[in-house]
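The structure under discussion appears below in the form of structure tokens.
Index from 1, following the sequence. All values derive from a computational prediction rather than experimental measurement.
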Amino acid sequence: MNYSTTALGWAVAPSCQVIPSTCTFSVLRYSLRRQNVIEADLRSHRVFRNGGCLITSDLRCCAHFDEEAMLAIHRLARGRTKSLSSGGNLSNMLLRGLCRKQRICTSFPRFCHQPKSVCSQDNYQKDDVINADSSGIYAGSKVSEPEKTSKLFSVVENYSAGRIYVQSNPLPSLLGEDYKSQNASRHSFSSLPDCTPLDLPDLDAPVESPIEREAWDLLRRSVVSYCGSPLGTVAANDPTEPCSLNYDQVFLRDFIPSAIAFLLKGESEIVRNFILHTLQLQSWEKTVDCYSPGQGLMPASFKVRIVPLEGGDTNATEEILDPDFGESAIGRVAPVDSGLWWIILLRAYGKCTGDFALQERVDVQTGMKLILKLCLADGFDMFPTLLVTDASCMIDRRMGIHGHPLEIQALFYSALRCAREMMKPEDGAQDIIRAINSRLSALSFHIREYYWVDLRKLNEIYRYKTEEYSCDAVNKFNIYPDQVSPWLVEWMPEQGGYFIGNLQPAHMDFRFFSLGNLWSIAGSLATPEQAAAILDLIEARWNDFVGNMPFKICFPALEYEEWRIITGSDPKNTSWSYHNGGSWPTLVWQFTVACIKMKRIDLATKCLDVIEKRISKDRWPEYYDTRTARFIGKQARLYQTWSVAGYLVAKTLLANPEAANMLTFEEDMALLAACSCCVDASPSKKRCRKTLL
């Protein structure tokens, strides 16, 4: 039989001919936005063994409907009717007797598209209907009451199982004994099953766009397996680079957006494996030039290697994990942020999956305590912030962030709150919990009070007096007013503010570091007013932070002599490139979390729209160059995994904003009270006169 297709994609057959039930046809997809047939989808899916037909509005076309069309019709029907438990409304839409150029269903008045048929136009009259049974679809049988043909098929829903059942009802009881006697030799109605199940995806799940499908394909291709189980994702899968360097390894910080994406997708096995295996790596011996760092240090990355099996067959091999704690990294810098991200991910895993038993395991609790002891250890520092070297976080090259960089402090604060929530109150943990509470209150006060700048604060710094020696000094860090650059005075909007990048004696780094500011919002390190002001600043200076591709890692870039002195003339960190003012697409997921937290969905959506215009065409680069991100980075890897994962997390969170709760915290009023107590206490009252013995 010769089948033809209309301009809109309907699979049709000449009138009065049998279409065998073994045939499959391409069926239109339906737009839920306009309830019109607008897009042809030429897939062929076999769904029903018996029956299953779709009739056009003018009775001149007929076709089997596939899974996607059935889902679209069902969604449309759900939006128009209160209940489909009886199946009447949907059956009426599909099989009601209709005359030439009549609407498909009178129950859906807005659904009025009239497909163009290629069949002959003189075979059907007003009372003509199409009848269906297990052998095929027939045209031309006339009955006196076309309305009754809606009972040819009934629909039964099973929401809990996520299925639709299309039931083929006995035609003889509907069409009379004459029809039964005439067609008895051709049909066996007793062979019809009661129901034919159709498995459908979640009816409320959003339809994935082509760029989302591409992103998920790239993310799954980046998965690394260990002993047959998924363990992580490589940093990049760039086929254009012959030398992978360490981009073929699993980085702890890089895997975080991948882990969140998998959790949001309901695929938690890879995240659980990652948490447990990196925990095992924590106890490995770590030595650089005969010196071993703290036991709680987490690796920056690891790689699955295949090595010969010791003491066995010469051809036998085994898989091992080869971690890098900084002894192989460029600059030999230990990753301070790895352990902090691990704690944050552990909490997110529990809140997303409900598997809190993982957090309560003895080895997990022990690993968390080791990280905290390393971070809370006493030292020479007078401040509650963590003192770190340059290149110890996402900015892993020399960029002048040594000291107390904001990114580390924001992650530190968030990790402390996560740990306090997950720590089991048992013997040995009470001291750590007390230390956490004390550090949280001091850290939040310190960052909110001394790192924050807006126009009012800049004017205050501009009028600072220097060389103050007293406990009541206003200029506590002896900041020189000339450090306030002219560009900052002109750039700062009337409404808005941010946390500076670093604070040390006689030094304020006025650069805006995106990750630190965004995660300060997510973890409530910033007050609600400060968090709103940060987003106001980003909105006011949208072209500086987003431009042609989000998101600036820092602003502004170091240039000229300042670049040579601070970076050591780093050829990769030239102005407006890489860590020095480059634009990193992966940061869109942190920005989305911050926007959801502050109920600024409009900003996150606007940012995502910018990404979708070109990132797929550009092959998912690691970063972009120039002030407005017009060029792909000169040394950027393509198909960078966390660029892919960052987009997926942002897209998924915008579709389900409540899921962002696994990454955020609300304001802790107890910490605020503790901060007030610290401020009210005068240092001079705690002093006592030294006694000579």
Side-chain angles (χ1 to χ4, degrees), residues 235-236 243 245-247 249 251-254 286 288-289 291 293 297-301 324-341 381 385-412 451 483 485 499-517 519 551-584 586-587 622-627 633-637 640 642:
C243 180
L245 290 178
N246 57 352
Y247 282 84
Q249 297 188 24
F251 282 80
L252 267 72
R253 74 173 67 95
D254 290 39
K286 303 170 280 287
V288 178
D289 294 336
Y291 177 75
L297 183 65
M298 282 288 191
S301 64
D324 176 16
F325 292 92
E327 67 270 24
S328 300
I330 298 172
R332 301 299 190 268
V333 178
V336 178
D337 61 338
S338 290
L340 306 178
W341 276 123
D381 207 336
T385 45
L386 273 182
L387 178 65
V388 300
T389 63
D390 218 336
S392 58
C393 52
M394 179 181 176
I395 299 178
D396 56 1
R397 298 171 75 91
R398 179 177 166 186
M399 270 290 292
I401 65 169
H402 57 280
H404 309 89
L406 177 66
E407 176 180 334
I408 291 296
Q409 315 314 320
L411 293 176
F412 182 37
Y451 276 62
Q483 290 186 25
S485 302
F499 290 123
I500 61 174
N502 211 328
L503 176 64
Q504 299 183 71
H507 173 65
M508 295 182 79
D509 187 346
F510 286 103
R511 287 177 292 175
F512 181 102
F513 287 87
S514 297
L515 178 54
N517 275 277
W519 211 253
F551 202 93
K552 274 282 178 283
I553 190 171
C554 68
F555 184 91
L558 301 172
E559 298 180 292
Y560 310 117
E561 190 66 21
E562 192 177 29
W563 165 76
R564 284 189 286 271
I565 293 173
I566 293 179
T567 72
S569 300
D570 187 348
K572 194 169 185 178
N573 272 334
T574 55
S575 300
W576 306 110
S577 179
Y578 202 46
H579 299 137
N580 189 15
S583 296
W584 293 67
T586 186
L587 291 173
E622 179 183 11
Y623 65 94
Y624 285 78
D625 285 355
T626 75
R627 178 166 181 150
K634 57 187 175 183
Q635 296 187 43
R637 297 295 172 122
Q640 185 81 10
W642 69 353

Please list all pairs passing the salt bridge (Lys or Arg N to Asp or Glu O under 4.0 Å) test where one or both residues lie in residues 397-408, with sequence neighbours left out.
-> Arg397-Asp570
Nearest-0.5 Å distance, CG of residue Asp337 to CE of residue Met394 | 10.0 Å
Give the minimum heavy-atom separation between Lys572 and Tyr578, together with the two atoms involved.
-> O-CB, 3.3 Å
What do you reckon, are the aromatic ring centroids of Tyr624 and Trp576 less than 6.0 Å apart?
-> no
Leu558 versus Arg511: any side-chain heavy-atom pair under 4.5 Å?
-> yes
What is the minimum heavy-atom distance between Ser338 and Ala300, and which atoms define it?
-> OG-CA, 3.8 Å
Heavy-atom closest pair, residues Tyr623 and Ser577 | CE1-OG, 3.8 Å
Go through Phe512 and Cys554 one step at a time and tell me if the side chain to side chain contact (heavy atoms under 4.5 Å, CB included) criterion holds.
-> CA-CA 5 Å; Phe512 181 102; Cys554 68; over 6 Å; no
Rounded to the nearest 0.5 Å, how far does CG of Asp324 lie from CG of Leu252?
-> 11.0 Å
Step by step, would you call Leu387 with His404 a side chain to side chain contact (heavy atoms under 4.5 Å, CB included)?
-> CA-CA 5 Å; Leu387 178 65; His404 309 89; 3.8 Å; yes
Do Ser575 and Tyr560 have side-chain heavy atoms sitting under 4.5 Å apart?
-> no
Shortest non-hydrogen contact from Thr574 to Trp563?
-> CA-NE1, 3.7 Å
Test Trp642 against Arg253 for side chain to side chain contact (heavy atoms under 4.5 Å, CB included), laying out the working first.
-> CA-CA 9 Å; Trp642 69 353; Arg253 74 173 67 95; 4.2 Å; yes
So do Phe251 and Asn246 actually touch side chain to side chain, heavy atoms under 4.5 Å?
-> yes
Which atom of Asp381 lies closest to which atom of Thr385, heavy atoms considered | OD2-O, 3.9 Å
State, without any angle test, whether Glu622 and Tyr247 hold a side-chain donor-acceptor pair at a distance under 3.5 Å.
-> yes
Which value, rounded to the nearest 0.5 Å, describes the distance between Ser514 atom OG and Phe555 atom CZ?
-> 10.5 Å
Nearest non-hydrogen partners of Ala334 and Ser392, listed with the distance = O-CB, 3.7 Å
Interatomic distance, Ile566 atom CD1 to Ile401 atom CD1 [nearest 0.5 angstrom] = 11.5 Å
Quick one: are Asn517 and Leu406 in side-chain contact, heavy atoms under 4.5 Å?
-> yes
Interatomic spacing from CG in Asn502 to CE in Met399 - rounded to 0.5 Å | 12.0 Å
Would you give the length of the straight line joining atom CZ of Phe513 to atom CD1 of Ile408, rounded to the nearest 0.5 angstrom?
-> 12.0 Å
